[in-house]
Amino acid sequence: MPAKSQAQQKAAGAALSAKRGDTKVKDLKGPSKSMYKSMSEKELDEMASTKRKGKPEHKS
């Protein structure tokens, strides 16, 4: 499932980093924390690897 906005992609990247153990889970906030809890590493990888070109900063 590709990201629909740049903000969603960044949150998925932060959650993925925590899933892999590169950052601490306690440092996650808001959407990235809920993504960490509810999504698998594969789903987060797909969302974080979406191309940013042409994506809005925030989905309206």
Side-chain angles (χ1 to χ4, degrees):
M1 161 171 87
K4 297 189 186 302
S5 68
Q6 291 180 20
Q8 189 179 41
Q9 182 190 21
K10 290 174 191 175
L16 180 61
S17 177
K19 274 266 196 221
R20 291 180 174 167
D22 296 333
T23 59
K24 296 179 182 176
V25 178
K26 69 175 188 162
D27 294 338
L28 297 178
K29 298 177 184 174
S32 57
K33 188 175 241 179
S34 64
M35 285 178 169
Y36 173 82
K37 292 177 182 176
S38 66
M39 297 176 79
S40 70
E41 187 173 334
K42 183 181 179 208
E43 291 173 316
L44 288 169
D45 187 46
E46 286 176 14
M47 189 172 284
S49 64
T50 305
K51 300 259 188 244
R52 277 194 202 181
K53 190 172 185 173
K55 298 271 187 242
E57 178 60 36
H58 293 280
K59 181 79 171 130
S60 55

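Keep in mind that this is a model prediction, so the values were computed, not measured.
Closest heavy-atom contact between Gln8 and Lys4: OE1-N, 2.6 Å. Taking all atoms of both residues into account, the shortest heavy-atom contact from Ser32 to Ala14 is CB-CB, 4.0 Å. In plain terms, the two heavy atoms of Glu57 and Ser5 that are nearest each other are O-CB, 3.8 Å. Taking each heavy atom of Met35 and Met47 in turn, the nearest pair found is CE-SD, 3.7 Å.
A donor-acceptor contact shorter than 3.5 Å links the side chain of Lys19 to the backbone of Met39.
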Check residues 21-29 and write down every donor-acceptor pair under 3.5 Å in which the side-chain atom is one partner and the other belongs to a residue at least two apart or another chain.
unit_1: Thr23; atom_1: OG1; unit_2: Ser17; atom_2: OG; d: 3.3
unit_1: Thr23; atom_1: OG1; unit_2: Ala18; atom_2: N; d: 3.4

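Take Ser40 and apply the side chain to side chain contact (heavy atoms under 4.5 Å, CB included) test, not counting sequence neighbours, and it matches Lys42, Glu43. Looking at residues two or more places apart in sequence or on another chain, you find a side chain to side chain donor-acceptor pair (under 3.5 Å) between Glu41 and Arg20.
Put simply, CG on Leu16 and CD on Gln9 are 11.0 Å apart, with the number rounded to the nearest 0.5 Å.
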